[in-house]
Amino acid sequence: MTWRALPKVELHLHLEGAAPPEFIRGLAKEKRIDLSKIFAQDGSYAYRDFVHFLSVYEAATSVLKSPEDFKRLTLAVLEESASEGVVYSETFLSPDFCGGRDLVAWREYLAAMAEAADEADAKFGITLKGIVTCIRHFGPDKARETARCAAETKGDFLRGFGMAGDENVGKPGDFTWAFDCAREAGLRLTSHACEWRGPDEVTQTLDALKVERIGHGVRAHSDATVMARVIDEGVVLEVCPLSNVVLGVFADMASHPIERMRAQGVKVTVSTDDPPFFHTTMSKEYAALEQAFGWDEAVFAEINSTALEAAFCDAETKEKIAARLANGR
Ligand code: HPA
Ligand code: ZN
């Protein structure tokens, strides 16, 4: 079955990581920037492993230089997501790539992305909310500046704060100040954890950063104590199955723990992470889950309702999206 038409909620999407390669090549040409090294023969992004992926990601992002560029990017990404049946999306936004964490510049970039979100809602029928992320391998000082940008711009569009980047650099406790600052401003919290490191990363992230959602968290599946805590505390996992398979976290879909975690009572959701980098889309994720685990419409309905419950938007938006999930469009 093709899952394209099914209305979906996506919680874990990196805005720059969702940029179609043609879009980045187009901007590079306009700005006369040579990016040939980051593309394969077939035009897709080329990288060797996760750390190299992060540097290719940063190189691709370097062609996005103005609020107008981010407005165009946001519209292109939302058009693509809407065509995949996504009716509500939360994307990670990075002040690091939007004016280098300068608050005045950041406000302009954010306004451009919010404007694109309004246009996409009207044109494509998709709602977007933003989550500012600090970047772990850029270190705690930059994370503090990023948190300040987020705290100052919390509003109807900007709903959350989180952390992306290389999990093998530093530890969650290095970022406590940034997460405290964001929490005090009323932002909701999530962080990448346990995509690369072991179950203790989930424990440290919950203890030090007090997040309600975790990006990935999938390596914790074998630790009964950590799983029990995730279940008891109702922590929601933003699982990105094909990202994990393509990056080699798991050998294939059949060995991915998402189904075992769901059966145990973990609140799992499904997202694409950086779709063109991982050659995925929301409907490909759903088809792969159907094929590997026999997931059907009832399971996907449960997954989407878990995701909507865990969404960082206001109650009115949730009601509107719940009606669309119930209507099937
Ligand atoms: N994981 C961690 N950091 C990231 C990613 C990701 O998939 N994409 C962009 N930054
Ligand atoms: Zn991610």
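None of the values given here were measured: they were computed from a predicted structure. Any value given below was found using the heavy atoms of this structure, including those in side chains, with hydrogens, waters and symmetry copies removed. Every number for a ligand or one of its atoms is a count from 1 in the order of the listing.
- Contact between E195 and ligand 1 is present, with at least one heavy atom of the residue lying under 4.0 Å from the ligand.
- With 2.8 Å as the limit, H216 does not count as an N, O or S neighbour of the Zn ion (ligand 2).
- Ligand 1 has at least one atom lying under 4.0 Å from a heavy atom of G165.
- Within the 2.8 Å limit, D273 places at least one N, O or S atom next to the Zn ion (ligand 2).
- F50 and Y57 have their aromatic ring centers separated by at least 6.0 angstrom.
- In terms of polar-atom proximity, defined here as any N/O pair under 3.5 Å, F50 makes no such contact with ligand 1.
- Proximity of F53 to ligand 1 is established by a heavy-atom distance of less than 4.0 Å.
- Taking only nitrogen or oxygen atoms, main chain and side chain alike, Y57 does not reach within less than 3.5 Å of ligand 1.
- Using a 4.0 Å cut-off between heavy atoms, H192 contacts ligand 1 through its side chain alone, with no backbone atom that close.
- Of the heavy atoms in E167, none comes closer than 4.0 Å to ligand 1.
- Partner of H216 under the ring pair (Phe, Tyr, Trp, His ring centres under 6.0 Å) criterion, chosen from H256, H221, H192: H192.
- Vertex the Zn ion (ligand 2); arms to H12 NE2 and H14 NE2; angle rounded to 10 degrees, 110°.
- For the pair D207 and R229, the salt-bridge criterion is met [side-chain N within less than 4.0 Å of a carboxylate O].
- Note on D121 versus K320: salt bridge recorded, some NZ/NE/NH1/NH2 to OD/OE distance being below 4.0 Å.
- Salt-bridge check for E309 with K318: failed, with every basic side-chain N at 4.0 Å or more from each acidic carboxylate O.
- With a 4.0 Å cut-off on non-hydrogen atoms, L54 touches ligand 1 through its side chain and not its backbone.
- Coordination check, C240 versus the Zn ion (ligand 2): failed, since every N/O/S atom of the residue sits at 2.8 Å or beyond.
- For the pair R25 and F39, the distance from NZ or CZ to the six-membered ring centre is under 6.0 Å and the angle to the ring normal is within 45 degrees.
- Under the 4.0 Å criterion applied to side-chain N and carboxylate O atoms, E167 and R197 are not assigned as salt-bridge partners.
- Remark: ligand 1 and H216 share no N or O pair separated by less than 3.5 Å (distance only, no angle test).
- Protein heavy atom at the shortest distance from atom 4 (C) of ligand 1 is H14 CE1, 3.5 Å.
- Between the side chains of E212 and T190, not a single donor N or O lies within less than 3.5 Å of an accepting N or O.
- Between F53 and F278, the angle of the ring planes lies from 30° to 60°, which puts this pair in the tilted group.
- Between the side chain of K142 and the backbone N or O of D96 there is no donor-acceptor pair closer than 3.5 Å.
- The ligand atoms of ligand 1 that sit less than 4.0 angstrom from a heavy atom of D274 are 5 (C), 6 (C), 7 (O), 8 (N), 9 (C).
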